[in-house]
Amino acid sequence: MKYHVPQALVAGHEQTGGGLFFLVLHAPEIAQAAVPGQFLHIRCGKGDDPLLRRPISICRVDKGKGNVMLWYQVVGKGTSLMSQVRQGDCLDIVGPLGRGFEPVAAGKTVFLVGGGVGSAPLVFLGNELAPEKEVVALFGGASEGMLLHPCLTRLENCEYATDDGSFGYSGTVIGLLEEQMKSKTPDMIYACGPQGMLREVVRIAEEKSIPLQVSLEARMACGVGACLGCSFLRSKKSGGGWARVCQDGPVFWDWEVAWDDGEQQ
Amino acid sequence: MKYHVPQALVAGHEQTGGGLFFLVLHAPEIAQAAVPGQFLHIRCGKGDDPLLRRPISICRVDKGKGNVMLWYQVVGKGTSLMSQVRQGDCLDIVGPLGRGFEPVAAGKTVFLVGGGVGSAPLVFLGNELAPEKEVVALFGGASEGMLLHPCLTRLENCEYATDDGSFGYSGTVIGLLEEQMKSKTPDMIYACGPQGMLREVVRIAEEKSIPLQVSLEARMACGVGACLGCSFLRSKKSGGGWARVCQDGPVFWDWEVAWDDGEQQ
Amino acid sequence: MTANNSEMVPLLGVEIAGIRMKNPVMTASGTFGFGEAYTDFFELSELGAVVIKGVTPEPRKGNPPPRLAETSAGMLNSIGLENPGVEKVLEEYLPSLEQAGTPVIVNIAGSTVEDYCLVAERLSASEVVKGLEVNISCPNVKAGGIAFGSKPEMAAQVIRAVKKHTSLPLIAKLSPNVTDITEMALAVEEAGASAVSLINTLLGMAIDVRTRKPKLKNVMGGLSGPAVRPVAVRMVWQVSQVLKVPVIGMGGIATAEDALEFILAGATAVAVGTGQFVNPRCCPEIIAGIKAYCEENEVSAVAELVGAAWKEEARG
Amino acid sequence: MTANNSEMVPLLGVEIAGIRMKNPVMTASGTFGFGEAYTDFFELSELGAVVIKGVTPEPRKGNPPPRLAETSAGMLNSIGLENPGVEKVLEEYLPSLEQAGTPVIVNIAGSTVEDYCLVAERLSASEVVKGLEVNISCPNVKAGGIAFGSKPEMAAQVIRAVKKHTSLPLIAKLSPNVTDITEMALAVEEAGASAVSLINTLLGMAIDVRTRKPKLKNVMGGLSGPAVRPVAVRMVWQVSQVLKVPVIGMGGIATAEDALEFILAGATAVAVGTGQFVNPRCCPEIIAGIKAYCEENEVSAVAELVGAAWKEEARG
Ligand SMILES: Cc1cc2nc3c(=O)[nH]c(=O)nc-3n(C[C@H](O)[C@H](O)[C@H](O)COP(=O)(O)OP(=O)(O)OC[C@H]3O[C@@H](n4cnc5c(N)ncnc54)[C@H](O)[C@@H]3O)c2cc1C
Ligand SMILES: Cc1cc2nc3c(=O)[nH]c(=O)nc-3n(C[C@H](O)[C@H](O)[C@H](O)COP(=O)(O)OP(=O)(O)OC[C@H]3O[C@@H](n4cnc5c(N)ncnc54)[C@H](O)[C@@H]3O)c2cc1C
Ligand SMILES: Cc1cc2nc3c(=O)[nH]c(=O)nc-3n(C[C@H](O)[C@H](O)[C@H](O)COP(=O)(O)O)c2cc1C
Ligand SMILES: Cc1cc2nc3c(=O)[nH]c(=O)nc-3n(C[C@H](O)[C@H](O)[C@H](O)COP(=O)(O)O)c2cc1C
Ligand code: FES
Ligand code: FES
């Protein structure tokens with residue numbers, strides 16, 4: 001079930017670093033229904049500009065309090081307006097949308113590989129899996145200020161990588177992943193982040209035949225599968241043709257995606 | 001001199017009644033330069049919708065503090081967005097714009113006749129004239145909550161009229177004016193308010209041959225005389241042709257306006 | 001203020017091309033999938049009619065991504081008529097719309113006149129389909145669409161040909177990218193269209209100054225949303241005054257006020273596209289708003305409002 | 001990030017129809033009065049060129065109010081070419097522009113071909129005028145404007161006739177309300193235009209649902225502002241690829257990014273209209289922004305960016 005909550009109360013909003021914000025919205029139905037990997041579609045302004053909603057992954061939920069939490073980065077018009085809402089204001093949201101992560105079939109150890117704000121949906125996933133699995137979160141960012149603090153992730157087993165070496169492993173999260181794989185081979189990897197990073201994770205997972213799910217991004221209009229605007233090409237293996245990121249995803253198995261098709265951007 | 005202040009600090013913002021707000025902006029150059037009858041052109045939103053600035057008369061200035069004060073009513077998109085700014089926020093303003101009221105040539109007694117938020121520019125005028133003239137302010141509103149309190153007008157000699165009789169004279173400000181004229185004939189009248197009300201004031205002033213200036217309204221785009229969008233027809237007496245409310249006004253002598261031309265709305 | 005001395009319930013029903021609609025609000029083709037996407041937000045049966053995505057004879061892959069770009073108060077799309085083809089639509093999608101509780105109109109498209117005829121003929125076999133909206137105006141397919149939509153003779157030719165292959169009412173969907181919209185509308189009316197839909201998207205584009213490339217992979221796309229509303233209202237105003245058949249108005253409708261603007265300009269019904277993406281409860285809210293407007297203004301039937309602005313204008 | 005290993009100052013100058021401009025930013029006719037309205041906000045000499053309001057042989061009263069309506073990210077105007085007539089412009093306004101420190105271009109209009117010729121001839125007498133922008137696209141005058149702007153032969157006829165009455169360079173200002181903008185552009189180029197300006201306003205309208213009347217007294221008006229930008233960029237893209245003469249791009253430009261979008265699409269210069277109303281320092285800010293973009297991207301001359309998006313596209 002998808003919900004439209006035109007007036008979701010902003011229960012909290014704090015800056016976690018340069019241009020990054022952690023937002024707590026009160027929306028009990030959505031908190032109840034959401035599964036990791038799903039996203040909210042958010043109206044950022046009040047007028048007709050910016051017009052379209054913005055998709056933001058659910059980073060955590062507190063079903064008890066009925067809260068949904070997001071971690072987002074200011075990159076343009078919409079997210080900049082969003083960053084200006086204050087506790088006590090309301091936001092117009094739709095959710096939970098999309099197909100979430102699929103649970104691990106077998107095995108004990110799970111790696112979460114997140115680049116930048118791509119870590120957001122993995123936090124939710126890690127929190128859900130933690131009671132049953134051994135969850136190792138590997139989150140990368142440009143510098144210390146771009147990482148989400150453990151007091152917000154609530155993840156116990158979290159390793160960080162920073163490009164500038166200001167915190168944790170010095171290098172990209174891919175470097176960190178390779179480092180970790182030397183000592184431990186996960187039964188499943190979940191990844192979210194920039195395209196370049198995802199391709200690296202795909203390569204590594206393929207090499208070691210580790211099942212992998214990725215969360216993709218695309219510009220969206222409807223967010224509910226109606227407009228066919230967010231399409232990407234499926235791999236031949238998965239039947240070819242277009243898949244809609246918003247409705248058929250945003251989470252896909254790595255082998256469902258035609259990573260190298262010329263028509264794909 | 002006109003100024004563009006892209007970030008004028010909101011030094012105060014309070015609701016004075018149903019849908020009416022008193023806004024204090026810090027803009028020292030504008031406070032210094034402004035004369036009564038002039039207005040600010042305000043950008044109400046952040047995106048491209050609403051697109052155009054909104055003209056709001058200057059209601060008071062505090063040259064010492066460098067503040068400009070406005071009294072406005074929420075009637076649509078722009079004013080509704082404006083009402084949501086908070087102390088400490090900034091607004092993008094241009095001003096002071098337009099031709100203000102002309103001083104009284106002779107005589108001692110001046111009547112200010114304001115309908116609704118039309119009282120705003122007359123407050124500024126009254127404050128400027130008060131030291132030298134006997135200023136009688138006659139302000140009307142639908143009910144008590146629609147009037148501007150003397151602690152904000154800073155006018156000593158102020159009579160109120162309310163349509164519902166909840167405060168002061170029971171009836172329109174025109175009724176109040178006629179009432180006052182029984183005991184006193186002003187040397188000059190300044191008026192601002194809805195078209196219907198202004199026509200009544202024109203009629204009364206003509207009958208008694210009292211000089212009258214009115215402040216007019218029109219939809220504006222540029223606000224500085226560039227687009228010819230805010231035109232109204234001049235009376236034959238004043239040479240005919242179009243005048244621009246924004247640059248040639250908003251204040252006009254009653255005889256400059258072709259009140260009854262069919263082409264005028 | 002509701003008229004408190006009467007119990008009047010305004011009549012919202014309208015008729016378009018012989019199709020009875022319980023209210024004048026329909027969905028715009030291509031923005032509502034095949035009717036399944038918004039079922040969590042409202043019931044299809046609340047709608048005046050549902051218009052589904054453009055259908056072609058064969059499955060179409062559509063254009064490569066990115067297919068969307070946002071513009072000021074608008075959006076560009078270059079979907080390119082992606083659809084599973086008429087056979088699959090008949091088998092998989094239409095049966096589930098049988099219980100929709102509202103008339104189903106199918107938007108049809110093609111690259112040749114034969115394509116249109118073929119789709120029309122196949123769809124006529126379905127009990128579910130109550131009308132066909134003939135899309136002679138898609139800016140996103142190279143052959144067909146745009147050419148049919150910009151020459152009156154070619155538009156008329158499509159309508160005439162399709163008419164021979166179906167007894168379903170035909171609604172001609174016109175492109176706004178023309179010098180004289182009334183000429184186009186008159187041509188399709190003359191050719192036998194039972195109604196016209198106005199407007200399809202305006203041809204537009206946007207460039208990313210960082211990459212120096214068009215934002216859409218397909219370079220140009222169709223502009224929709226509130227940005228285009230003034231152009232759409234103008235065309236509805238112009239066309240409704242010269243046609244005998246009804247006009248379905250669309251282009252940037254997001255609120256009841258917007259819908260009423262089109263109705264006053266001469267639209268008998270309206271369709272909601274981009275507005276739906278922004279507010280998933282757009283359609284039911286518009287229907288409620290039109291009803292409220294009628295009540296407040298003591299309008300006994302929405303049909304009385306159709307073209308009221310130019311009828312008034314004509315009176316002086 | 002500025003290129004910190006070089007002291008390069010990008011060349012912003014461009015040339016349009018033989019008119020040398022120190023940067024590619026000009027004002028859009030009708031939105032800048034006769035150059036006097038914005039002098040408190042910046043110096044005219046900062047501009048690439050100043051284009052003044054449309055001038056006709058006789059004074060014109062223009063259309064009755066209301067003449068403005070706001071729309072989503074746009075505005076409608078129905079000024080109707082109000083102007084004091086060419087004689088008064090010559091006497092009163094042009095002399096004060098002599099010291100402008102930037103080329104002065106006058107927009108000319110009329111109801112007949114003779115009108116255009118007359119104004120052009122009179123303006124050629126002025127030393128101050130460096131070029132004429134021939135407005136064959138005003139949607140707000142019944143005779144003339146719109147008809148000249150929608151038929152290629154008629155547009156060409158105006159340009160050819162005017163050319164005989166002046167040696168000033170002619171810039172043809174085209175209407176976007178046509179099926180095929182390239183056809184119009186080719187016709188005026190062939191007729192002798194030294195440049196084209198794209199776009200004038202889109203024909204639109206809005207209705208007040210409360211009064212049930214058009215918001216503009218004149219019913220229809222011209223739509224401008226950010227809402228129309230995608231249509232304008234598309235037309236500049238199309239036209240600049242088929243013309244030999246330069247294109248001046250306009251329509252919804254409000255920021256340096258917008259201006260660059262037009263330049264990358266093929267505009268040699270750009271004009272700012274509605275954007276000026278919103279931000280009185282729009283032009284100088286755009287000029288500074290273009291300079292910064294060139295510096296950041298190590299572009300040595302803005303002229304290199306003209307049409308870069310389609311040149312890139314053509315390379316594959
Ligand atoms: C399923 C999904 C989940 C997401 N989750 C998060 C999240 O948890 N936290 C977070 O910070 N961001 C997330 N994003 C990205 C986020 O949606 C965009 O950053 C946002 O829409 C940008 O809007 P804007 O108006 O600020 O930027 P704009 O001004 O619209 O654009 C700025 C830049 O961002 C790019 N961009 C804009 N929208 C998207 C988009 N939908 N996908 C990719 N690039 C885009 C533009 O191309 C441009 O380069 C997610 C995106 C998707 C599709
Ligand atoms: C010189 C001048 C001084 C003004 N001073 C004040 C003032 O001190 N306090 C105050 O509350 N208001 C004042 N106004 C009116 C104010 O500008 C409008 O109320 C405001 O622009 C409405 O904007 P909006 O977006 O809220 O309404 P919109 O959504 O734009 O419109 C709502 C309604 O208001 C009408 N309207 C909008 N703009 C104007 C306008 N410029 N003139 C007349 N009607 C308009 C519309 O036609 C519509 O009916 C003044 C107007 C002018 C021209
Ligand atoms: C994503 C998208 C897809 C569309 N697909 C179609 C289509 O398949 N057939 C068609 O006739 N119109 C199509 N349209 C046009 C719409 O039906 C409508 O005419 C146009 O968008 C204007 O209305 P709006 O501003 O309310 O969106 C599409 C529009 C959008 C935005
Ligand atoms: C109020 C107004 C008046 C205009 N007057 C003229 C004119 O006299 N001659 C002309 O060629 N174009 C005129 N235009 C069109 C503009 O020059 C410009 O082509 C159009 O507005 C698009 O640019 P913009 O979106 O930046 O405003 C006018 C536009 C506006 C908004
Ligand atoms: S955003 Fe519309 S189908 Fe995905
Ligand atoms: S608003 Fe532009 S001339 Fe007055």
Side-chain angles (χ1 to χ4, degrees), chain A residues 1-6 29-30 33 41-55 75-78 92-97 195 216-234 239-248 258 261-265, chain C residues 27-28 30-42 52-54 59-84 211 213 215-217 221 224-227 229 252 254-255 258 273-282 285:
Chain A
M1 187 74 185
K2 298 160 184 153
Y3 299 91
H4 178 204
V5 186
E29 313 90 322
I30 296 180
H41 218 189
I42 305 181
R43 188 149 182 204
C44 300
K46 310 224 175 212
D48 292 335
D49 175 52
L51 181 66
L52 300 171
R53 291 172 182 271
R54 299 295 191 254
V75 298
K77 244 187 203 183
D92 179 342
I93 62 176
V94 174
L97 301 180
Q195 281 274 328
L216 299 183
E217 289 198 4
R219 269 263 158 195
M220 292 183 183
C222 71
V224 296
C227 74
L228 310 183
C230 62
S231 302
F232 76 92
L233 210 56
R234 281 188 191 281
W242 300 105
R244 297 161 300 180
V245 171
C246 69
Q247 178 75 5
D248 305 322
D261 190 281
E263 288 200 325
Q264 203 90 255
Q265 274 247 320
Chain C
T27 58
T31 64
F32 206 70
F34 292 101
E36 75 297 353
Y38 288 97
T39 45
D40 280 356
F41 304 101
F42 62 91
I52 63 174
K53 176 85 195 145
R60 279 185 67 113
K61 226 173 109 183
N63 292 319
R67 293 174 168 186
L68 297 175
E70 195 184 51
T71 66
S72 289
M75 58 173 277
L76 291 163
N77 88 79
S78 60
I79 311 300
L81 289 183
E82 172 181 343
N83 80 93
T211 62
K213 283 185 186 164
K215 288 190 178 170
L216 300 176
K217 184 77 177 173
S224 63
R229 197 188 313 130
T255 66
D258 300 340
T274 305
Q276 186 69 28
F277 304 158
V278 179
N279 174 10
R281 284 193 43 80
C282 197
E285 286 176 11

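All chains are named by letter (A, B, ...) in the order of the sequence lines, taking the proteins before the strands, and each is independently numbered beginning at 1. Below, each value reflects all heavy atoms present in this structure, side chains not excepted, and no hydrogens, waters or symmetry copies.
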Backbone N or O of A:G239 within a donor-acceptor pair of the A:R234 side chain at under 3.5 Å? no
So which part of C:T39 gets closer than 4.5 Å to some heavy atom of chain A, the side chain, the backbone, both or neither? neither
Over 60° means perpendicular and under 30° means parallel, so tell me whether C:Y38 and C:F41 are parallel, tilted or perpendicular. tilted
Considering only heavy atoms, which portion of A:V94 lies under 4.5 Å from any heavy atom of chain C: side chain, backbone, both, or neither? side chain
Pairs of heavy atoms under 4.5 Å with chain C: top-ranked of A:P50, A:A218, A:P6, A:G241: A:P50
Using non-hydrogen atoms and a 4.5 Å limit, figure out which bit of C:F32 sits close to chain A: side chain, backbone, both or neither. backbone
Taking every heavy-atom pair that is under 4.5 Å apart, which of C:G225, C:A73, C:G35 has the most such pairs with chain A? C:A73
Please collect all salt bridge (Lys or Arg N to Asp or Glu O under 4.0 Å) contacts where either partner lies in residues 62-76 of chain C, sequence neighbours excluded, each pair once. A:R54-C:E70, C:R67-C:E82
Check side-chain contact (heavy atoms from CB on, under 4.5 Å) between C:T255 and all other residues, then give those that pass, not counting sequence neighbours. C:E257, C:D258
Identify which part of A:R219 has an atom lying under 4.5 Å from any heavy atom of chain C, answering side chain, backbone, both or neither. both
Greater than 12 external heavy atoms within 6.0 Å of A:K46's NZ: no
